[in-house]
Amino acid sequence: MPELPEVETIRRDLAAVLEGATIVSVRLHHDDILLDGGPTAPFTAALAGRRIDALERRGKNLAFRLGPDGDVLQAQVRMTGRFAVAPAADPSGKRLRAKIGFSHIAAEFELADGRLLLYDDVRRLGGFRLQSAAEWAAREAGLGPEPLADDYRAADLAAGLGRGRAPVKNALLDQRRVAGIGNIYASEALFRARIDPRRPAGELSGDQHRRLHRALRAVLREALEGEGTSLRDYRAVNGRSGRFQERLRAYGREGEPCPRCGTPIERLVQAGRSTFFCPACQA
DNA sequence: CTTGTACCCTGACCGC
DNA sequence: TGCGGTCAGGGTACAA
C-alpha cells in the first residue's frame with residue numbers, strides 16, 4: 001500500500017471534494033473487493049443515501065465517516081488502489097478514466113450531485129469494509145500510535161519496538177508497533193538514523209531510539225510535503241504523481257554510492273521484501 | 001506470545 | 001515473438 005504520506009495525501013485530496021457529498025448508489029465490479037469477503041448486496045444497500053461527513057486516516061487506512069450515525073467505510077489501497085472523482089459533466093467517468101489510465105475499476109460510487117467516485121485497483125489487494133463506529137474504534141485501537149502525532153516521543157517508539165529479537169526493519173512494518181510505516185520509509189528512516197536494518201529491535205540503544213524517532217518523523221514529514229513517493233503504482237487522487245521519489249537516499253538505489261560515505265548501497269530481503277541500506281555507515 | 005512463511009492478484013520487465 | 005521467472009510501496013492466516 002502506499003504508506004502514511006501517500007494515504008494522507010489521498011485523504012486530503014478526497015476530503016477537499018467529498019466532505020458533505022451524498023452517496024446515491026454503489027456498483028462493485030468484483031466480489032473480492034470487500035476486505036471481509038461475503039455478499040456485496042448488503043454492502044451496497046447500506047451505503048445508498050449516506051452522507052460523507054468526514055474523511056479520516058489512521059495508519060494506512062482511510063475512514064469515510066458516514067452520517068447520520070458515524071458508521072465508517074474503511075478503505076485500504078494496499079499496493080495498487082487509486083481513487084478519482086469524475087465531474088458531473090462526465091457522469092460515466094469515461095473521459096477521466098481514459099485520461100488517467102483507470103482500466104481496472106473495482107468500485108464506483110455515484111454521488112447525489114452527479115459526480116462519480118472511482119476506485120481502481122489492478123491487483124485488487126485493496127478494498128472496503130463498512131462497519132459501525134464502535135467496530136471501527138476497536139479495529140483502530142489495535143493499531144500502534146501515529147508517528148507524526150505531536151505527542152509521539154522516542155519513548156513511544158522504544159515501547160513499540162519492545163524487546164523482541166525480530167530485525168528492526170521488520171518491526172517497523174508491524175502496524176501494531178507503530179502505524180503507517182511501509183517498506184520504503186522503513187528503509188529510509190533506518191538509513192537516516194544510521195541503524196543496521198538487521199539489528200534486533202529489542203537491542204537498540206537509547207541513542208538509536210532517539211535517532212530513529214527523529215529520522216522517522218523527518219522522512220514522513222518530507223514525504224508528505226512531496227505528496228508521496230510515486231515509484232511505480234502510487235498516484236494521488238485523479239492520477240497526480242508524488243515527488244518524493246527524487247529525494248529517496250537508499251530505497252531503490254542498489255549499487256549507487258551512499259550519499260553519506262560513498263560505499264555502494266546494498267539490497268537484502270527481509271520478511272520477503274527488499275531492504276536497501278549502506279553496509280558501511282549503518283551499524 | 002513472537003516470528004517466519006505462504007498466499008491473495010495482475011502487470012511490467014528481463015533473459016533466453 | 002513467446003515464454004518462464006522475478007519482482008512490486010500490504011495485510012492476513014496459519015504454522016512452528
Side-chain angles (χ1 to χ4, degrees), chain A residues 1-10 28-38 57-62 74-83 101-107 119-129 139-140 142-144 159-191 197-203 216 219-220 223-224 226-236 241-254 267-276:
Chain A
M1 176 185 323
E3 311 180 31
L4 188 157
E6 289 77 27
V7 178
E8 177 61 19
T9 300
I10 294 169
L28 300 184
H29 297 250
H30 299 276
D31 292 351
D32 59 7
I33 210 64
L34 297 185
L35 293 172
D36 294 322
R57 179 195 59 76
R58 184 73 171 86
K60 306 178 200 175
N61 297 277
L62 284 169
Q74 176 189 2
Q76 291 188 339
V77 299
R78 300 207 188 169
M79 304 286 266
T80 53
R82 302 176 181 185
F83 283 98
F102 271 31
S103 48
H104 300 274
I105 303 286
Y119 177 73
D120 180 281
D121 194 338
V122 176
R123 291 170 70 184
R124 293 199 311 284
L125 297 173
F128 298 90
R129 172 185 285 129
R139 189 176 301 282
E140 185 259 331
L143 295 172
L161 292 179
R163 308 233 48 81
R165 293 173 293 106
V168 59
K169 159 73 166 12
N170 300 23
L172 285 173
L173 298 181
D174 184 343
Q175 301 301 298
R176 296 167 300 185
R177 300 171 183 267
V178 54
I181 311 304
N183 206 37
I184 291 182
Y185 301 118
S187 271
E188 288 295 298
L190 289 165
F191 174 81
R198 296 163 294 193
R199 176 144 222 163
E203 292 179 13
L216 196 53
V219 74
L220 292 174
L224 189 50
E227 299 182 305
T229 299
S230 289
L231 283 182
R232 48 166 57 76
D233 293 310
Y234 162 71
R235 295 293 182 277
S241 287
R243 300 179 301 277
F244 193 71
Q245 58 277 10
E246 299 155 19
R247 299 204 139 66
L248 296 173
R249 299 179 193 172
Y251 190 88
R253 299 197 180 278
E254 182 180 15
R267 182 181 88 98
L268 60 92
V269 175
Q270 296 179 285
R273 291 184 173 104
S274 294
T275 302
F276 296 88

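Just so it is clear: chains get the letters A, B, ... in the order the sequence lines come, proteins before strands, and each one is counted from 1.
At the heavy-atom level, Arg177(A) lies under 4.0 Å from the strands shown only through sugar-phosphate atoms. Base engagement by Asp233(A) is indicated by at least one non-hydrogen atom pair under 4.0 Å involving a base atom. Here Ser274(A) lies in heavy-atom contact (under 4.0 Å) with sugar-phosphate atoms only.
Atom-to-atom, CZ of Arg123(A) to P of dT12(C) comes out at 16 Å; the value is rounded to the nearest Å. A straight line from NE2 of His104(A) to P of dA8(C) spans 20 Å, rounded to a whole angstrom. What separates CG of Asp32(A) from P of dG11(C) is a distance of 18 Å, to the nearest Å. The nearest whole Å value for the distance from the NZ atom in Lys60(A) to the C1' atom in dG11(C) is 8 Å. Distance Asp174(A) CG to dA13(C) P: 14 Å, rounded to the nearest Å. Rounded to an integer number of Å, the gap from CZ of Arg232(A) to C1' of dT6(C) is 11 Å. Distance CG (Leu125(A)) to P (dA13(C)): 15 Å, rounded to an integer number of Å. Per the geometry, CE belonging to Met79(A) stands 5 Å off C1' belonging to dA8(C), to the nearest Å.
Looking at residues two or more places apart in sequence or on another chain, you find a side-chain contact (heavy atoms from CB on, under 4.5 Å) between Pro197(A) and Lys169(A), Leu190(A), Gln270(A), Thr275(A), Phe277(A), Gln282(A). In this view, Arg124(A) and Asp32(A) satisfy the salt bridge (charged side-chain N to carboxylate O under 4.0 Å, His left out) rule, not counting sequence neighbours. By the side-chain contact (heavy atoms from CB on, under 4.5 Å) test, Ala107(A) is found to be paired with Leu28(A), Phe109(A), Tyr119(A), Phe128(A), residues two or more places apart in sequence or in another chain being considered. Here Ala201(A) pairs with Leu161(A), Val168(A), Ala171(A) under the side-chain contact (heavy atoms from CB on, under 4.5 Å) rule; sequence neighbours left out. Shown here are the side-chain hydrogen bond (donor to acceptor under 3.5 Å, both in side chains) partners of Arg177(A), two or more places apart in sequence or in another chain: Asp174(A). Arg247(A) meets the salt bridge (charged side-chain N to carboxylate O under 4.0 Å, His left out) test with no other residue; sequence neighbours excluded. For Arg253(A), the salt bridge (charged side-chain N to carboxylate O under 4.0 Å, His left out) partners are Glu256(A), not counting sequence neighbours.
Of the inter-residue distances, the one linking Ile33(A) atom CD1 with Asp121(A) atom CG reads 5.0 Å to the nearest 0.5 angstrom. The CZ atom of Phe244(A) lies 10.5 Å from the CD atom of Glu3(A); values are rounded to the nearest 0.5 Å.
On the nucleic acid side, DNA chain B contacts chain A at distances under 4.0 Å to non-hydrogen atoms, with the end points of that region at dT3(B) to dG11(B).
Nucleotides of DNA chain C nearest to Arg273(A) and Val269(A) differ in position, and the one nearer the 5' end is that of Val269(A).
Helical stems of DNA chain C (runs of at least 3 Watson-Crick or G-U pairs, donor-acceptor distances under 3.5 Å) are listed by first residue: B:2-8 with C:10-16, B:10-16 with C:2-8.
Using atom P as the reference point in both dA13(C) and dC9(B), the two lie 15 Å apart (nearest Å).
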